[in-house]
A.B. asks: 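Encoded as structure tokens, here's the structure I'll be asking about.
Just so it is clear, the values below take in all heavy atoms, side chains as well, and ignore hydrogens, waters and symmetry mates. Numbers here simply count residues along the sequence, with the first being 1. Whatever order the structure lists them in is the order used to number ligands and atoms, beginning at 1.
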Amino acid sequence: MLGDAYFQLRAQVGTGLFSLLRLAAEAGSPESTQAALRAAQAGLRDYFTFAALGPGGSGKSTLLNTLFERDFCGAPEPAAVGKIAVFRYADQARDDVFSDDAIVLYRPHIFLRDFTPVEVPAGIPVEAVNPHLTEADLIFYVVSAATGPVDAWPFLSRLGRDVLKRLVFVVWQSDRVSSEEGANSVKRLRQAMLKNLGHASPIFIGSTADRAGREKLTRWIEGEVIFSAPRRGRLREIDEVARAALREIVNKPRAERQALERKREQVRGLREDLAEREEQSERQVAGALWTLAQSSDGLRRRGEDLLREHLGPLDLLWKRAFSPRDLAQEIEAQARASLAVQLHDQLAVLEADLQASTAEYFHELREVLPEAAAVKPPVFPRASLEEVLVALVTPLEVSRVLLEAFSAAVRTLQLPMFAAVGALAVALGAALAGRFSGVLLGLAGAIVVFVLLLAFLLRQNVVAVFGRYFTENRASLLGTLDPHLRSAVEHFYAGIAPTLEDRAGQLADEGQRHEPLLARLQQIEETFSRIDEDLRTGLSRTEES
Ligand SMILES: Nc1nc2c(ncn2[C@@H]2O[C@H](COP(=O)(O)OP(=O)(O)OP(=O)(O)O)[C@@H](O)[C@H]2O)c(=O)[nH]1
Ligand SMILES: [Mg+2]
């Protein structure tokens, strides 16, 4: 259909403008933007008036029917015979007598929404015709190829210059003559036109049977009249208005989205920062436990020294001389006191570091989220934690272990000691009986040395058993303290995190709010870019042809 590409493009612009206006209202754009869009919308509503004049029977009706691909004028409308027939669109067909010379025929043909064809029969005075030509976009003067422009000039020379500018000649019914004759009549027509009108209008030749000729005319109409440079220019202006409005509408939500994105980025940064601080605190807890382990090692060594001091190898031979209970109490008291001090110190350091770290973190938090100003940093429950941890420190029970190890050593020594005493008694008896035996004395001496050596080794073993027990006992104590300390730190950080998580959630929701609007804007933006592209390529296409 004539002008399809233009109408499609115009429809796209129309749809785009419609959506854009709705969005502008939704996004609360300034009234000036909305007014510009409405004006652009109004500017889109245009239609084309094509008038056909010429001698009777030259083919005016047939030409119009051919162009619009529908038999709407001529024979189907007997009421219009001898009158200027103006065809307009209406849902219901009706005729409107305009004057003695003219009739308006309202018909429900879709193409009449965009085109207003006017057929002017021969014999109507030029004064009556003129008003219908002033508005016309294109005026066909149809002459029959067989008869030529009979008496056209007196009428045509009375038309204004501006009307002549929109005039084209159509030499119709070319199938009724040879192509040579057709070409000749075009030539004659051009000469007569120049002579009579002093003006050169385009001349087309064609017929219902001449498809190529019709297409040539159609292409020319599309390029020069429908998709004419001024109309394309107008569409581009509308496209510009739309794109400017789009930029303006999009500015606000886009800027908000960017601000939101920055906020989110900051919140993400804070989250990472907090996680890092928590990890740092966990490392500190591990360090505190390591320090406690180190100091318990020192305590063990002190206990071992104390034990060596109080337990000589000979004490194992005469057990009443040694009291493991008193020694154990001393070790126990020292160990407890030292551990309590260490625990206190470690917790104090941990607390100070946590406070410093959270103060720093909350300072950053308030910069990013001023609304978090009211949120107070949590308090690390150092005192109550210390109480719990000290209560977990169970007695070492060194006295039991010492007593057991000591008794076992004494038991082990008993038999060799009796053997040594026996051997000494035998050697002594033999000497007293005057039968001094070097061998016997040597043997007794060897047994005594063995017993002393054994006593020394067994004393070492008692110290070793104590040391092992001490180490195991403290290791299990540290194993007990570890989860308590860790969970206290975890709990502390869990008290900070929600402020941030709440805000992150809110920001996510706020972000969602803009998405549909921005997605629609993007769609419209693409539509208008496409239109712009079409307008550009349309331009080059017609420039090429
Ligand atoms: N062979 C041939 N006949 C045509 C052609 N176009 C129109 N005719 C015939 O020419 C006659 C006149 O055609 P119309 O279209 O009615 O001409 P018109 O200028 O509208 O005539 P009026 O409205 O009476 O002035 C009709 O019999 C058509 O069938 C054509 O291209 N080739
Ligand atoms: Mg006619």
A.B. asks: Please determine, by modelled atom types, if Gln41 and Arg38 share a side-chain donor-acceptor pair under 3.5 angstrom.
C.D. replies: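 No, no side-chain donor-acceptor pair sits under 3.5 Å.
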
A.B. asks: Would you call Arg243 and Glu525 a salt bridge, using N to O less than 4.0 angstrom?
C.D. replies: no

A.B. asks: Taking side chain as C-beta onward, heavy atoms only, is Gln173 less than 4.5 Å from Thr62?
C.D. replies: no

A.B. asks: Pull out every atom of ligand 1 sitting under 4.0 Å from any heavy atom of Ser58, numbered as shown with elements.
C.D. replies: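 Answer for ligand 1: 19 (O).
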
A.B. asks: Do you see a protein non-hydrogen atom under 4.0 Å from atom 13 (O) of ligand 1?
C.D. replies: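 Yes.
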
A.B. asks: Evaluate Tyr89 against Asp114 for side-chain contact (heavy atoms from CB on, under 4.5 Å), listing each step before the verdict.
C.D. replies: CA-CA 9 Å; Tyr89 178 82; Asp114 297 312; over 6 Å; no

A.B. asks: Any idea how Phe169 and Trp153 line up, ring-wise: parallel (<30°), tilted (30 to 60°), or perpendicular (>60°)?
C.D. replies: tilted

A.B. asks: Using a strict cut-off of 4.0 Å, indicate which atoms of ligand 1 neighbour a heavy atom of Ser207.
C.D. replies: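 Heavy-atom distances to Ser207 below 4.0 Å select 31 (O).
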
A.B. asks: Report the part of Asp175 in contact with ligand 1, treating N, CA, C, O as backbone and CB onward as side chain, heavy atoms under 4.0 Å; options are side chain, backbone, both, neither.
C.D. replies: side chain

A.B. asks: Quick one: look up the protein heavy atom nearest atom 6 (N) of ligand 1 and list residue, atom name and how far away it is.
C.D. replies: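 Of the protein heavy atoms, Trp172 NE1, 3.1 Å lies nearest.
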
A.B. asks: Atoms of ligand 1 less than 4.0 Å from Gly56 heavy atoms?
C.D. replies: 25 (O)

A.B. asks: Protein N, O or S atoms at less than 2.8 Å from the Mg ion (ligand 2), how many?
C.D. replies: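 Total protein N/O/S atoms under 2.8 Å from the Mg ion (ligand 2): 2.
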
A.B. asks: Is the distance between the ring centroids of Phe7 and Phe115 under 6.0 Å?
C.D. replies: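 Between Phe7 and Phe115, the centre distance is under 6.0 Å.
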
A.B. asks: I want to confirm something. Looking only at heavy atoms, which of Val177, Val81, Thr62, Leu63 is nearest to atom 15 (O) of ligand 1?
C.D. replies: Thr62

A.B. asks: In the protein, what heavy atom is nearest to atom 10 (O) of ligand 1, and what distance, to one decimal place, separates them?
C.D. replies: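 Ranked first by proximity to atom 10 (O) of ligand 1 is Gln173 NE2, 3.5 Å.
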
A.B. asks: Protein non-hydrogen atoms only, distance under 4.0 Å: does atom 27 (O) of ligand 1 have such a neighbour?
C.D. replies: no

A.B. asks: Can you label the angle between the Phe155 ring and the Tyr141 ring as parallel, tilted or perpendicular, going by 30° and 60°?
C.D. replies: tilted

A.B. asks: Quick one: look up the protein heavy atom nearest atom 22 (P) of ligand 1 and list residue, atom name and how far away it is.
C.D. replies: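 Ranking protein heavy atoms by distance from atom 22 (P) of ligand 1, first comes Gly57 N, 3.7 Å.
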
A.B. asks: One thing to verify: whether Arg214 and Asp210 come together as a salt bridge, which I'm taking to mean a side-chain N less than 4.0 angstrom from a carboxylate O.
C.D. replies: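 Salt bridge absent between Asp210 and Arg214.
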
A.B. asks: Run Val86 and Phe98 through side-chain contact (heavy atoms from CB on, under 4.5 Å) and show every step you take.
C.D. replies: CA-CA 9 Å; Val86 180; Phe98 189 74; over 6 Å; no

A.B. asks: Among all protein heavy atoms, pick the one closest to atom 31 (O) of ligand 1 and tell me residue, atom and distance.
C.D. replies: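 Answer, as residue, atom name and distance: Thr208 N, 3.0 Å.
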
A.B. asks: What is the nearest protein non-hydrogen atom to atom 23 (O) of ligand 1, stated with its residue, atom name and distance?
C.D. replies: Glu119 OE2, 3.1 Å

A.B. asks: Compare all side-chain heavy atoms of Glu215 with those of Trp220 and state whether any distance is below 4.5 angstrom.
C.D. replies: no

A.B. asks: Among all protein heavy atoms, pick the one closest to atom 25 (O) of ligand 1 and tell me residue, atom and distance.
C.D. replies: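 Closest protein heavy atom to atom 25 (O) of ligand 1: Lys60 NZ, 2.9 Å.
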
A.B. asks: Under 3.5 Å, is there a donor-acceptor pair between the side chain of Lys60 and the main chain of Gly54?
C.D. replies: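 Checked: pair present.
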
A.B. asks: Within the structure provided, determine whether Glu510 and Leu260 are in side-chain contact (heavy-atom separation under 4.5 Å).
C.D. replies: yes

A.B. asks: Step by step, would you call Ile531 with Leu9 a side-chain contact (heavy atoms from CB on, under 4.5 Å)?
C.D. replies: CA-CA 7 Å; Ile531 290 167; Leu9 199 60; 4.2 Å; yes

A.B. asks: Please state which part of Pro121 comes within less than 4.0 Å of ligand 1, counting heavy atoms only: side chain, backbone, both or neither.
C.D. replies: neither

A.B. asks: Look at the aromatic rings of Phe72 and Phe68 and report parallel, tilted or perpendicular, splitting at 30° and 60°.
C.D. replies: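 Rings of Phe72 and Phe68: perpendicular, as their planes differ by over 60°.
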
A.B. asks: Has Gly74 got any heavy atom lying under 4.0 angstrom from an atom of ligand 1?
C.D. replies: no

A.B. asks: At a 4.0 Å threshold, what atoms of ligand 1 neighbour a non-hydrogen atom of Arg176?
C.D. replies: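 Atoms satisfying the 4.0 Å criterion: 1 (N).
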
A.B. asks: Any idea which protein heavy atom is nearest atom 20 (O) of ligand 1, and the distance to it?
C.D. replies: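 Heavy-atom neighbour on the protein nearest atom 20 (O) of ligand 1: Ser61 OG, 2.7 Å.
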
